[in-house]
Amino acid sequence: MKRVALVGMPNTGKSTLFNCLTGAHARVGNWPGITVDLLSARILLGDSMVELIDLPGVYDLTGYSDDEAVVTRFLASNAVDLVMVVLNAGQVERQLHLVAELTRRGAPMLLVLNMADEAKALGITIDVDKMARGIGMPVCLLSAKYGQGMERLRGEMTAALRSGAEAASRLTALDEHAVEAVLHEAVSIPAQASHALTEKLDRLLLHHWLGLPVFFGVMFLLFQFVFVVGKPLQDALSWIFNTVRTELLDPLFAFLPAFAGGLLLDGVYNGLTTVASFVPLIILFFICMAIVEDTGYLSRAAFLMDALMSKFGLDGRSFVMVLMGFGCNVPALMGTRVMRSRGLRLLTMLAIPMSLCSARLQVFVFFIAALFSARSGPLVLFSLYLLSMAAVMVTALLFKGRYVNRDSFVLEMPPYRFPTLRQIVLRGWHEVRHFLKRATRFIVAGVVLVWALTHFPASATPGSVDTWAGHIGAWLNPVLSPLGIDPQLTIALIFGFVAKEIVIGSLAVIYAQEGTALVSTIADQITWVQACSFMIFTLLYTPCLSTIATIRQEAKSVSFTVLALVWPLSLAWLASFVFYQLARNL
Ligand SMILES: Nc1nc2c(ncn2[C@@H]2O[C@H](COP(=O)(O)OP(=O)(O)OP(=O)(O)O)[C@@H](O)[C@H]2O)c(=O)[nH]1
Ligand SMILES: [Mg+2]
């Protein structure tokens, strides 16, 4: 099968083009360094199947950060039948030298000038035929985001693959002089090519004094929005699940022996539906994150926070990775590949697991709903986000002497871009799929195990101290009771170690209840101080197994992985202990 690789500078729309050609769902965002690993998919071109590969962005072919190494290693060790170089048409004069560098490798090439829409808005005109003649390869001007110019691209790809070696032999290595000549011949750029809207917006959003308060204000409103809109949706869903159970499933499974009915309904059904009722909240959350990311505001956040972060041994990119960690820690950890300094990378990786991911958000929303009023709820949630940031800072401060940043930070500020509805919907769908995948992997097994632990040995009363779960809870009690965490919550915490999504599911199983009934039981069992202590512990303690596995894989160091396990656990214990002991006497 023929192989086509997408190569280009960061943030030029390679993944957008990849998705457009293949129908895949590669992650896209207005931030240089979204793709950090290679992705491949097959497409039908003409009458043959072709493998298309999306690669991380590179500024040149000599970069040495881990994501750039993915590209150079791929090109060195794989035969590629066609290299499609993707450039931002609006920056063609700055990016064309990458094409020159690639021509020296001798593989057949095709030049894609993406973002034709932006180039046009800037008043830049490009004579595609002249350029093609000048650089000796086919050139396509298109707009991947809006699917414009794709037919012609497919035609050119088919033709280029057909002529193969012949096209390569016609390719001449370009030098800098030739690049200048081509630009002079084929491109006309108005004296003032600037993104007017971006400049206007940045005057406020990057304002010396106002920038940061505006940023935190925006984030606060965003979380408020997710909570205020998402919570009723979640309530509605859990009402539906509950009604299905009492009206339909309970009578339907009445013939089963109590044991099997319990496992199926109290175990699997309660566990899964309690978790599933959070789906609308998670979708909303990710849509908001996608908008912040895709508009380009994330790069502004990096810029605004850079000076402050450097005091903690981190930089603006670390801050953005921590923000991305609010969605899920795993891609954020992988995103650190763009950092060239190993010290900075490790320090950032140590800090990222402190960021309050969407799985932990579920736990908090649940407890907040149980113990706080609708008015104070969002404030408690926002305080947890602040605590999460504080934990990031404390971690960085403590370990910055050990993991030293030796890299200077240069960030290209992309213009503001508005995500299309399609992009937003795709992102939401992508997250639901990811969630369901995890659900089938962890949650079902987790809730069944919790059910078994809370129901065996058979002689014990389910959920009592005589069950296996009761024994485990009692065994850990001396460590966790000073934090106000009771044996039932302890079991939930143990399972939360595998994935935080299981925490609420296991509580549903432990108390054999779901929805509003579960919420009111919890409200009766524990005080708000205990709930907060539990939430603080959940926020900070050892992240889920996937996070640990990712840290191991990215850091390639066992001792670092051990540190990434032990440090959060110690911090969580300490923070909950201090909070509980101070607050219980209030
Ligand atoms: N206006 C406009 N924006 C585009 C176009 N193609 C992509 N974008 C936007 O450009 C940004 C970057 O797109 P990606 O596909 O993530 O870029 P990439 O080259 O894969 O980036 P890295 O993986 O970070 O190297 C996103 O905000 C896209 O929505 C286009 O044709 N026009
Ligand atoms: Mg990409």
Side-chain angles (χ1 to χ4, degrees), residues 5-22 24-41 52-61 63 65-72 74 84-92 95 98 112-122 124 126 140-150 152-153 195-198 289-300 302 317 320-321 324 331-332 334-339 411-427 430:
L6 288 167
V7 183
M9 292 197 185
N11 213 28
T12 51
K14 297 174 296 301
S15 302
T16 309
L17 181 63
F18 176 80
N19 289 349
C20 191
L21 284 169
T22 64
H25 301 159
R27 189 147 166 229
V28 165
N30 197 6
W31 164 259
I34 288 282
T35 311
V36 289
D37 209 346
L38 50 92
L39 257 177
S40 86
L52 189 66
I53 293 138
D54 182 25
L55 291 163
V58 284
Y59 289 103
D60 52 45
L61 294 179
S65 64
D66 284 356
D67 64 328
E68 289 168 311
V70 169
V71 180
T72 38
F74 175 83
M84 295 218 299
V85 201
V86 183
L87 304 188
N88 175 347
Q91 298 184 343
V92 61
Q95 302 196 344
L98 180 66
V112 176
L113 298 170
N114 187 29
M115 309 193 176
D117 55 306
E118 282 187 6
K120 191 173 164 206
L122 289 171
I124 296 173
I126 301 173
C140 291
L141 181 64
L142 53 82
S143 208
K145 180 169 166 182
Y146 303 103
Q148 285 159 358
M150 303 307 287
R152 169 141 192 252
L153 175 69
H195 294 272
L197 179 66
T198 294
M289 288 293 287
I291 291 174
V292 171
E293 188 181 297
D294 223 34
T295 49
Y297 197 29
L298 219 50
S299 307
R300 273 74 190 174
R317 281 170 306 187
V320 166
M321 292 308 148
M324 282 192 182
M334 295 176 68
T336 59
R337 287 185 189 177
V338 298
M339 297 170 179
L411 176 74
E412 206 176 317
M413 205 67 76
Y416 288 104
R417 300 193 165 109
F418 296 96
T420 58
L421 192 65
R422 192 185 125 82
Q423 282 175 327
I424 295 176
V425 171
L426 268 182
R427 180 72 185 271
H430 182 79

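Order of appearance sets the numbers: ligands from 1, and atoms from 1 within every ligand.
- The set of protein atoms (N, O or S) found at less than 2.8 Å from the Mg ion (ligand 2) reads S15 OG, T35 OG1, by chain and number.
- Heavy-atom minimum distance, L6 versus K14: CD1-O, 3.6 Å.
- For D60 (side chain) and G63 (main-chain N/O), a donor-acceptor pair under 3.5 Å exists by modelled atom type.
- Residue contacts with ligand 1 for R417 involve side-chain atoms from C-beta outward but no N, CA, C or O (heavy atoms, distance under 4.0 Å).
- By the 4.5 Å heavy-atom criterion applied to side chains, Q423 and K145 are counted as neighbours.
- What sits closest to atom 22 (P) of ligand 1 on the protein, heavy atoms only, is N11 N, 3.7 Å.
- Heavy-atom contacts of A144 reach the following atoms of ligand 1: 31 (O) (cutoff under 4.0 Å).
- Heavy atoms of F18 found under 4.0 angstrom from ligand 1: none, in either backbone or side chain.
- Between V320 and S299 there is no side-chain heavy-atom pair separated by less than 4.5 Å.
- Taking a 4.0 Å cut-off on heavy atoms, G8 fails to register as neighbouring ligand 1.
- Residue contacts with ligand 1 for P32 involve N, CA, C or O but no side-chain atom from C-beta outward (heavy atoms, distance under 4.0 Å).
- Every residue two or more places apart in sequence or in another chain that forms a salt bridge (Lys or Arg N to Asp or Glu O under 4.0 Å) with E293 is listed here: R27, R427.
- For ligand 1, the atoms closer than 4.0 angstrom to any heavy atom of S15 are 15 (O), 18 (P), 20 (O).
- At a 3.5 angstrom cut-off on N or O pairs, G33 counts as close to ligand 1.
- Only the side chain of E118 comes within contact range of ligand 1, with a heavy atom under 4.0 Å; no backbone atom does.
- With contacts defined as side-chain heavy-atom distances shorter than 4.5 Å, the pair L87/T12 does not qualify.
- Residue-ligand proximity, Q423 to ligand 1, at heavy-atom distances under 4.0 Å covers atoms 28 (C), 29 (O).
- Nearest-residue assignment for atom 1 (N) of ligand 1 (options T35, D117, V338, V71; heavy-atom criterion): D117.
- Taking only nitrogen or oxygen atoms, main chain and side chain alike, G57 reaches within less than 3.5 Å of ligand 1.
- Not close to ligand 1: Q148, with no non-hydrogen atom less than 4.0 angstrom away.
- Among the atoms of G13, some N or O lies under 3.5 angstrom from an N or O of ligand 1.
- Between P56 and ligand 1, a contact under 3.5 Å exists for no N or O pair.
- In this structure the side chain of W31 never reaches within 4.5 angstrom of the side chain of P414, judged on heavy atoms.
- Of the options N30, L426, T295, a side-chain contact (heavy atoms from CB on, under 4.5 Å) to P419 is made by T295 and by none of the others.
- For the side-chain contact (heavy atoms from CB on, under 4.5 Å) with V28, the lone residue among I34, N19, N11 that qualifies is N19.
- Listed by atom number, the atoms of ligand 1 under 4.0 Å from S143 heavy atoms are 30 (C), 31 (O), 32 (N).
- N114 places no side-chain N or O within 3.5 Å of a backbone atom of V86 that could act as its donor or acceptor partner.
- Annotation: I34 places an N or O atom under 3.5 Å from an N or O atom of ligand 1; distance criterion only.
- Heavy atoms of N114 found under 4.0 angstrom from ligand 1 belong exclusively to the side chain.
- Looking at heavy atoms from C-beta onward, L142 lies in side-chain contact with V112 at the 4.5 angstrom threshold.
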Pair E118-R417, side-chain contact (heavy atoms from CB on, under 4.5 Å): steps then yes or no:
CA-CA 10 Å; E118 282 187 6; R417 300 193 165 109; 2.6 Å; yes

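- Under the side-chain contact (heavy atoms from CB on, under 4.5 Å) rule, P415 has a single partner from T198, N88, L122, which is T198.
- The side-chain heavy atoms of L21 and L153, taken from C-beta on, include a pair separated by under 4.5 Å.
- Close approach of ligand 1 to D294 (heavy-atom distance below 4.0 Å) involves ligand atoms 26 (C), 27 (O), 29 (O).
- Nearest protein heavy-atom contact of atom 3 (N) of ligand 1 is K145 CD, 3.5 Å.
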Just do the side-chain contact (heavy atoms from CB on, under 4.5 Å) check on M324 and L298 with the steps written out, would you?
CA-CA 9 Å; M324 282 192 182; L298 219 50; 3.8 Å; yes

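- A 4.5 Å side-chain heavy-atom check between E68 and L61 finds every atom pair outside the cut-off.
- An N or O contact shorter than 3.5 Å is missing between Y146 and ligand 1 by distance.
- Counting the atoms of ligand 1 from 1 in the order shown, those under 4.0 Å from a heavy atom of W31 are 24 (O).
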